[in-house]
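Here's the structure we're looking at; comments come further down.
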Amino acid sequence: MKRRADRPMRARFAGLASGSQPAVVKMASFGGGSRLGAMINYVSRNGVVAVENERGDRLRGRDQLSAVADEWNHLMKNRSESRDIGSFNISVADDGRADDYLFDRAREIVKHGLGDRAFAFAVTARADGSGFDVDGVTVLRSTGGERLTADDKAAAIVQTRLEGAGADATFRFTGYGNGTDYGTSQVRSLVASHKGEVQDERGRVIADAKQAGDLVQLEWRDQLYSRKPRDVMHLILSARAGTDTEAFQSAARDFLGQQFAGHRYVFSLHDAGSDPKAEADGGKRPHVHVHAIVAMRSDAGERVETTIAAFRQWRLAMAKKARSHGINMEMTDRRDRASAPAYSKNQVRPMNTIGCTEHEGTSAAAARRYHAKRDDRSDRSGTARSQAYMQKAQGEWREILQSRELGAQQNFVRSQIVRLEEVRTTAGTSKTVHQESGNSGSQFRTHLVKLAELVSEGDDMRHVTRPEFEAYEKRVETALFQAEKAMALEERKDFEEIAQAAREHVNVRREIVELLEGRGPSRISDQSSQERGADGRQDDKRRWSDAVERHGFAAADAANKVLVDIERTR
């Protein structure tokens, strides 16, 4: 793939400081041809939401959607995914060793059959005393590289080993699957059906769903060498709540047409208003987003490149298309603002899918990574190339600050300089302490600068919609929460004055939005000015000017009060 020139850093930074949103283009999953139908059903909400293909045709309903698989079939290799996890059962006859601990006897038998593989198992003694049964889940690849296929042939191999060890037992595989998600579900089912009486090959008890998930996600993962077919990919393009849905859909259409020319694809748009999926089931997300299913191979045989450089280029292209449709958007690099690295879906588990999904980490390290990203903590990239990039970024932010070209956005610019300066001076162990301690003074100052940037946004409310205002209000509350959480307990009382002033500023902006909508307490009149003639229109104009001037000054006073309080606290 020929790489296009990046948009100048100065232009991107100026856009971000002026309120542009970041371009979000992320990979949800890959799949084989056999998964294509299920993926299209997901993005179309089982045919309820229309999807659009690369030719501009709008498809809806099962008949039209099922035809896509036939059209794409020649592009699918339909390579089978690897069999990584197998479930098994061993029926053991009574051998007269009643005094032995049943789990120890069962573990010995399983090890004879499976060899040096990781496994979890439960034991059930038969009521008639004729023996016991072992139900278990195992990694199919051994440490030596041998992979069992979890079929009759593989079961015969294990059976031969058991007989060679003198065990009076019958072995069979009862199922198999791919990846950690399958393995986690199988071990959790084993734990649930045996009421926590489950152990692993080392004798450790796996008593609940969390321990089952940790076993698979943290210990078995590296032993799987999992392989999934990559015939199609599922991309997600996202924008902030309040973004014009038609403009974003047009931008996404242009992006897909340019970036994947010659490839087959379908896409659909989801937003809170049109998504038929219930909020409790993970639908009706507050932000607007487009799901795209793209064939990895084009009709000419070219494959989509999915490198880090390719994703950067995709974000650049998506931001450019968005701007061409009137959406302020920029490609962002986490090194621009010393942002923490993203967390993967395997590092978290969902706790609540209503609105913005809440997660918890699958390990202590994953939890730290998750909270660092969600709390927008600063982070220092380790490579020399990244450090040089961040040094250049800091220089660009400083030049923007010195030029005073952005006016009211200067506080945002200052906050970026603070973040980059922090990570430059907090290397090694001091950096780790900073990241893991939510109460550090530098972290608190960072959040205060971020809060100052929010409250000092421009007071011209003429083009702000209610969804945009509600998204702004949520950002202010988030900034207040993060700042309060980062400060010492004995200092939180002094922070109440800052929080109150910030909320007063938000309340003033709410009044202006309501005034614009003509439904707030200061609305001009329920009777149109046209009905009241020229004098009525002139009267409306005068009252409108007075209201905007009054609320504008009030908003400025509230913002200045917050800024003064923040400077005093710092």
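- Judged by distance alone, the side chain of Asp231 and the main-chain N or O of Lys77 form a donor-acceptor pair under 3.5 Å.
- Between Arg419 and Asp376, at least one side-chain N (NZ, or NE/NH1/NH2) sits under 4.0 Å from a carboxylate O, which counts as a salt bridge.
- By the 6.0 Å contact criterion, CZ on Arg62 is open, its count of non-hydrogen atoms from other residues, nucleotides or ligands being 12 or less.
- The 12-atom threshold is not exceeded at CZ of Arg35, counting heavy atoms of other residues, nucleotides or ligands nearer than 6.0 Å.
- No donor-acceptor distance shorter than 3.5 angstrom exists from the side chain of Arg83 to the backbone of Tyr176, with no hydrogens or angles considered.
- One finds a salt bridge joining Arg264 and Asp299 here, because a Lys/Arg side-chain nitrogen approaches an Asp/Glu carboxylate oxygen to under 4.0 Å.
- Of the options Met39, Arg230, Met233, a side-chain contact (heavy atoms from CB on, under 4.5 Å) to Ser29 is made by Met39 and by none of the others.
- For His263, there are no ring-ring contact (aromatic ring centres under 6.0 Å, His included) partners at least two apart in sequence or on another chain.
- Between the side chain of Arg297 and the backbone N or O of Val304, no donor-acceptor pair lies under 3.5 Å.
- Side-chain atoms of Tyr182 do not come within 3.5 Å of backbone N or O of Ile85 as any donor-acceptor pair.
- Side-chain contact between Val68 and Leu59 is present, with heavy atoms from C-beta onward closer than 4.5 Å.
- With respect to the salt-bridge test (charged N to carboxylate O, under 4.0 angstrom), the residues Asp275 and Arg45 qualify.
- Closest of all the heavy-atom pairs between Gly262 and Ser298 is O-CB, 3.2 Å.
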(message) Apply ring pair (Phe, Tyr, Trp, His ring centres under 6.0 Å) to residues Tyr42 and His291 and explain how you reach the verdict.
(response) CA-CA 9 Å; Tyr42 175 80; His291 293 273; 5.7 Å; yes
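- Side-chain atoms of Ser91 do not come within 3.5 Å of backbone N or O of Thr170 as any donor-acceptor pair.
- Counting only distance, with no hydrogens or angles, the side chain of Asp244 and the backbone of Glu246 share a donor-acceptor pair below 3.5 Å.
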(request) Kindly indicate, with the supporting measurements, whether the criterion side chain to side chain contact (heavy atoms under 4.5 Å, CB included) is fulfilled by Arg312 and Met331. (result) CA-CA 8 Å; Arg312 182 185 179 90; Met331 187 281 292; 3.4 Å; yes
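- Around CD of Glu302, the count of heavy atoms belonging to other residues, nucleotides or ligands within 6.0 Å does not exceed 12.
- Residues Phe311 and Lys26 are not in side-chain contact: their nearest non-hydrogen atoms beyond the backbone lie 4.5 Å or more apart.
- Sparse packing is recorded around CG of Asp152, with 12 or fewer heavy atoms of other residues, nucleotides or ligands lying under 6.0 Å away.
- Salt-bridge annotation for Asp333 and Arg335: present, with a side-chain N of the basic residue lying under 4.0 Å from a carboxylate O of the acidic one.
- Here the closest non-hydrogen pair linking Lys373 and Ala340 is NZ-O, 3.0 Å.
- Side-chain contact check for Asp271 and His287: no donor-acceptor pair (N or O, by modelled atom type) lies under 3.5 Å.
- One finds a salt bridge joining Asp57 and Arg55 here, because a Lys/Arg side-chain nitrogen approaches an Asp/Glu carboxylate oxygen to under 4.0 Å.
- Residues Ile90 and Arg172 fail the side-chain proximity criterion, which asks for heavy atoms closer than 4.5 Å.
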(request) Determine, stepwise, if the pair Phe88 / Phe173 fulfils ring pair (Phe, Tyr, Trp, His ring centres under 6.0 Å). (result) CA-CA 4 Å; Phe88 62 87; Phe173 280 109; 7.1 Å; no
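- Residue Val191 comes nearest to Ala207 through the heavy atom pair CG1-O, 3.6 Å, listed as atom of the first residue, atom of the second, then distance.
- Remark: Arg315 does not engage Glu330 in a salt bridge, criterion side-chain N to carboxylate O under 4.0 Å.
- At a threshold of 4.0 Å, the pair Asp214-Arg349 counts as salt-bridged, since one of the basic side-chain nitrogens sits closer than that to a carboxylate oxygen.
- The pair Asp84-Arg147 counts as a salt bridge, with a side-chain nitrogen and a carboxylate oxygen less than 4.0 angstrom apart.
- Looking at Pro276 and Val49, their side chains come closer than 4.5 Å, going by heavy atoms from C-beta outward.
- Residues Arg117 and Glu146 are in side-chain contact: their nearest non-hydrogen atoms beyond the backbone lie under 4.5 Å apart.
- At distances below 3.5 Å, not a single donor-acceptor pair connects side-chain atoms of Arg221 with backbone N or O atoms of Thr180.
- Judged by distance alone, with hydrogens and angles left aside, the side-chain atoms of Thr174 form a donor-acceptor pair with the main-chain N or O of Ser87 at under 3.5 Å.
- Inspection of the Asp254 and Ser324 side chains reveals no N or O donor paired with an N or O acceptor under 3.5 Å.
- When only modelled atom types and interatomic distance are considered, Arg337 and Gln416 share a side-chain donor-acceptor pair under 3.5 Å.
- For the pair Ser18/Leu16, no side-chain contact is recorded, criterion being any heavy-atom separation below 4.5 Å from C-beta on.
- With a 4.5 Å cut-off on side-chain heavy atoms, Val198 and Gln211 do not count as touching.
- Without hydrogens or angle criteria, Gln223 side chain to Glu219 main chain gives a donor-acceptor distance under 3.5 Å.
- At distances below 3.5 Å, not a single donor-acceptor pair connects side-chain atoms of Gln217 with backbone N or O atoms of Gly213.
- In summary, the aromatic rings of Phe119 and Trp220 are positioned with their centroids too far apart to meet the 6.0 Å limit.
- No side-chain heavy atom of Ser44 sits less than 4.5 Å from a side-chain heavy atom of Arg60.
- The ring-ring contact (aromatic ring centres under 6.0 Å, His included) check on Tyr265 picks up nothing, with sequence neighbours excluded.
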